[in-house]
Amino acid sequence: MDLSLETRTQNNRTIVEVGGEIDVYTAPKLRECLVDQVNAGSYHLVIDLEGVDFLDSTGLGVLVGGLKRVRSHEGSLALVCTHERLLKIFRITGLTKVFPIHDTVDAAVADAE
Amino acid sequence: MPLLPTPNEPPGAALMSQVSLAVGADPAHVRVVRLVAGAVARRAGVDEESVDEVKLAVGEACALAVSAMQAHDLTGHADRLVVEIEDDAGIEVVVRAPVDLEQHALDAHAGELFPDGLAVIRGLLDDVSISSDGAGSLVRMSWAAEVAHPTV
């Protein structure tokens with residue numbers, strides 16, 4: 001499975017819905033999407049990982065890169081993820097302390113307001 | 001070792017086998033290796049949670065190797081990352097990279113907020129050894145089977 005990306009806005013937040021696998025091959029596509037969003041002036045991002053089957057450290061690097069970009073514009077980046085196999089990677093790498101991780105997009109949007 | 005079990009052997013006794021893959025420095029091939037490793041692990045009777053772990057750990061080692069090979073211009077036809085997957089009461093995966101992965105991980109992740117692929121592997125697994133000699137690295141990882149006999 002390749003990577004799918006869909007974006008929409010909800011309560012002035014940009015929701016990036018990601019599906020498929022984020023790895024060394026597909027991560028550049030996600031990076032490009034996040035860079036485009038920030039360049040277009042979207043500084044408050046919610047990245048929905050509920051449709052993601054696989055995530056590796058390359059993907060984590062892209063998420064951290066996105067966080068750095070939005071923070072340089074006083075923005076925010078929150079994640080939506082309930083899959084244990086993905087949450088485990090965030091825990092192992094200590095990134096649960098870096099990203100706000102929510103169960104639903106609505107919860108992520110509400111928390112950011 | 002015979003390739004197939006003989007009639008006198010108990011079921012599963014001679015099913016120990018090795019799958020070997022040799023791939024170039026192409027990120028697209030990392031997924032192929034990951035899926036093969038996951039399939040061999042599942043067939044060997046490794047539980048589903050650990051199959052996810054196999055795919056992640058093998059993917060991390062190969063992703064790091066591919067990026068290291070690209071960084072060192074090891075992109076020719078003869079430049080190969082070799083992955084050996086041994087199916088024996090669980091699986092053992094050996095990743096042989098023609099470049100020093102530990103040094104590359106240090107160089108590529110200096111000052112980063114997130115850890116490199118080798119750190120993820122060490123965080124995931126107890127049964128792992130990583131050795132480098134400057135010219136290459138060897139990552140050895142293993143997972144036990146959940147059941148006594150592999151599923152077919």
Is there a path of hydrophobic side-chain contacts, each under 4.5 Å between heavy atoms of I/L/V/M/F/W/Y residues, joining [Y] to [X]?
{"X": "V93(B)", "Y": "L21(B)", "value": "yes"}
{"X": "L87(A)", "Y": "L125(B)", "value": "yes"}
{"X": "L35(B)", "Y": "L86(A)", "value": "no"}
{"X": "L81(B)", "Y": "V94(B)", "value": "no"}
{"X": "V82(B)", "Y": "V128(B)", "value": "no"}

When you look at CZ of F90(A), are more than 12 heavy atoms from neighbouring residues, nucleotides or ligands closer to it than 6.0 Å?
yes
Residue E48(B) excluded, over 12 heavy atoms near CD under 6.0 Å:
yes
What distance separates T93(A) OG1 from D116(B) CG, expressed to the nearest 0.5 Å?
11.5 Å
To the closest 0.5 Å, what do you measure between CD (E53(B)) and CZ (R85(A))?
13.5 Å
Do NZ/NE/NH1/NH2 and the carboxylate oxygens of D52(B) and K88(A) come within less than 4.0 Å?
no
For residues D56(A) and A63(B), report the shortest heavy-atom separation together with the two atoms involved.
OD2-CB, 4.2 Å
Per-residue contact mode, R34(B) against chain A (heavy atom under 4.5 angstrom)
side chain
Is L124(B) close to chain A through its backbone or its side chain, or both, or neither, when contacts mean heavy atoms under 4.5 Å?
both
Is it the backbone or the side chain of I89(A) that comes under 4.5 Å from a heavy atom of chain B, or both, or neither?
side chain
Interface check, chain A: of L56(B), D26(B), V120(B), V30(B), most non-hydrogen pairs under 4.5 Å belong to L56(B)
Go through it in stages, so that I can follow the logic: the residues are F54(A) and R31(B), the test is side-chain contact (heavy atoms from CB on, under 4.5 Å), and I'd like the CA-CA distance, side-chain angles, deciding distance and then a yes or no.
CA-CA 10 Å; F54(A) 182 85; R31(B) 180 172 183 267; over 6 Å; no
Find the one option among L67(A), D23(A), V98(A), L63(A) whose heavy-atom pairs under 4.5 Å with chain B are most numerous.
D23(A)
